[in-house]
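Single-structure report; data block below.
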Amino acid sequence: MTTPDRILVTRSSMPPFEEYVEEIRGLWDSHWLTNMGEKHEALEAALKDYLGVPDIALFVNGHSALECVLEAMQLHGKVITTPYTFASTTHAIVRKGLEPVFCDVRPDDYTMDASLIESLIDEDTCAIMPVHVYGNLCDNDAIEEIAHKHGLKVIYDAAHAFGVRKNGVSAATFGDASMFSFHATKVFNTIEGGAVCFADPKLKELLNQWKNFGITGLETVEYVGGNAKMNEFAAAMGLCNLRHLDEEIAKRKLVAERYWERLEGAPGVRLSLPKADVSPNYAYMPVVFEDEFGATRNEVREALLAQNVYSRKYFYPLTSDFECYAGRFDSSKTPVAAHAAQRVLTLPMYADLALADVDRICDTVLATSRA
Ligand SMILES: *Cc1c(COP(=O)(O)O)cnc(C)c1O
């Protein structure tokens, strides 16, 4: 028997080669490779339009964007966030000298449980940083009402939520700011890249200064800023990928629907179906294997590996359980997040994944069940 072709958990979207070459050709005339060049400005304009936001600032990656917005808002004290996320969310808070306070998530979509937020607020709390996990949108209305009542900033980690809308409203407009990641593995990529979307007009200049060493004038440097600018080649990749994005999302939709059709209703299989008022981006295919399934998440992962299919324990471990935070947090205080982290597996998901491969993956998953 021959081994079936390897299927990775994701596959980066790329434009036709010639289209990219055409996009970067002008750079050989201008010799302007970074520092808010022509491609950078064009991508900002295109993304403002696509995401329907008042303003946007581009970054070298999503993580730097997150750190930069914390700096630009000059926050101090505690930030309420969740541990069911990628390292970046928690690390950004800690690296900026702030203290994360972990709120549990909701069992149906793994986003912050807004009913628990107020019990975590004290006089040192300055902000809330919720995560739109897998592109599932947070309960933004409830979160922002609490934030408003207590005078807190809301900064969304929207790395998974590019293009997602709720009742036709772009999720990028939620809160005081939303961070997007354009990493190669995301729905929309600039190879590496990221952005902050916001409405406050004062924030644009501040973000641009913080991402460029805190330089505020020809001979003035007012902040201890870093370097987090997006270069022209990355911006050009973004311009090309954006032209094909709707088509890519439409293909992802077919893949997602095939998975849901095959897996929905299987005992002990918990899927993450989009809510009725949300237009999703089909970024990930998370499956939580409850005890009733009869096989553990790790057993499913091994069965898939034996078929040359790569899945990912995303998110495991909780950020509050990372070695670098040993002794600082207590993950038993976020039991819903801990439960999901022990049981979740994200299955391969990308626009060009063949439906026959989805069937093969689902067959393997379902065959491990002892329900
Ligand atoms: C990808 C990701 C980030 C970080 O983005 P980079 O562009 O890789 O720096 C942050 N948060 C979440 C939830 C992510 O998935």
Side-chain angles (χ1 to χ4, degrees), residues 9-13 43 47 51 56-71 79-96 98 100 102-103 105 109-112 127-138 140 154-164 171-172 174-175 177-197 207 210-211 226-231 233-235 237-238 241 272 280-286 312-320 322 337 340-341 344 346 349-350:
V9 72
T10 187
R11 188 165 184 265
S12 299
S13 297
L43 184 62
L47 287 175
L51 293 171
I56 190 168
L58 300 180
F59 287 86
V60 66
N61 57 51
H63 180 78
S64 300
L66 208 48
E67 287 200 8
C68 210
V69 71
L70 292 173
E71 288 173 323
V79 178
I80 297 173
T81 185
T82 58
Y84 193 75
T85 183
F86 186 55
S88 173
T89 325
T90 305
H91 282 1
I93 294 167
V94 174
R95 286 168 58 86
K96 289 301 115 188
L98 296 152
F102 291 111
C103 182
V105 299
D109 65 5
Y110 319 107
T111 69
M112 185 178 278
I128 307 176
M129 189 179 283
V131 185
H132 298 306
V133 181
Y134 309 129
N136 296 334
L137 298 183
C138 301
N140 60 302
V154 181
I155 302 151
Y156 288 99
D157 180 332
H160 292 185
F162 190 88
V164 179
F174 294 172
S178 290
M179 176 279 285
F180 289 91
S181 164
F182 307 148
H183 182 257
T185 55
K186 304 300 205 273
V187 168
F188 166 72
N189 87 77
T190 61
I191 310 169
E192 291 265 9
V196 177
C197 296
L207 288 169
W210 276 99
K211 77 178 178 196
N227 179 4
K229 306 180 299 286
M230 179 184 282
N231 73 62
F233 289 80
M237 190 69 163
N241 276 335
S272 209
N281 63 2
Y282 310 97
Y284 298 91
M285 185 49 58
R312 188 173 172 200
K313 298 182 201 177
Y314 192 64
F315 297 105
Y316 172 83
L318 297 180
T319 64
S320 48
F322 286 174
V344 74
T346 53
M349 180 65 186
Y350 47 87

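Both counts, for ligands and for their atoms, begin at 1 and track the order of listing. One is the number of the first residue; the rest follow in order along the sequence.
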Shortest non-hydrogen contact from Lys229 toward Lys211:
CG-O, 3.6 Å
Write down the atom of Ala195, the atom of Leu58, and the distance for their closest heavy-atom approach.
CB-CD2, 4.0 Å
Who passes side chain to side chain contact (heavy atoms under 4.5 Å, CB included) against Asn61, sequence neighbours left out?
His63, Ser64, Glu192
Write 'none' if nothing qualifies; otherwise put on separate lines each N/O atom of ligand 1 with a protein N/O atom under 3.5 Å away and their distance to 0.1 Å.
residue, atom, partner, partner atom, Å
ligand 1, 5 (O), Ser181, OG, 3.1
ligand 1, 7 (O), Gly62, N, 2.8
ligand 1, 7 (O), Ser181, OG, 2.6
ligand 1, 9 (O), Gly62, N, 3.3
ligand 1, 9 (O), His63, N, 2.8
ligand 1, 11 (N), Asp157, OD1, 3.3
ligand 1, 11 (N), Asp157, OD2, 2.7
ligand 1, 15 (O), His160, NE2, 2.8
ligand 1, 15 (O), Lys186, NZ, 3.2
ligand 1, 15 (O), Tyr314, OH, 3.1

Backbone of Ser13 reached by a side-chain donor or acceptor of Asn189 within 3.5 Å
yes
Thr346: partners by side chain to side chain donor-acceptor pair (under 3.5 Å), with sequence neighbours left out:
none
Sorted by chain and number, sequence neighbours left out, side chain to side chain donor-acceptor pair (under 3.5 Å) with Tyr84 holds for Tyr134
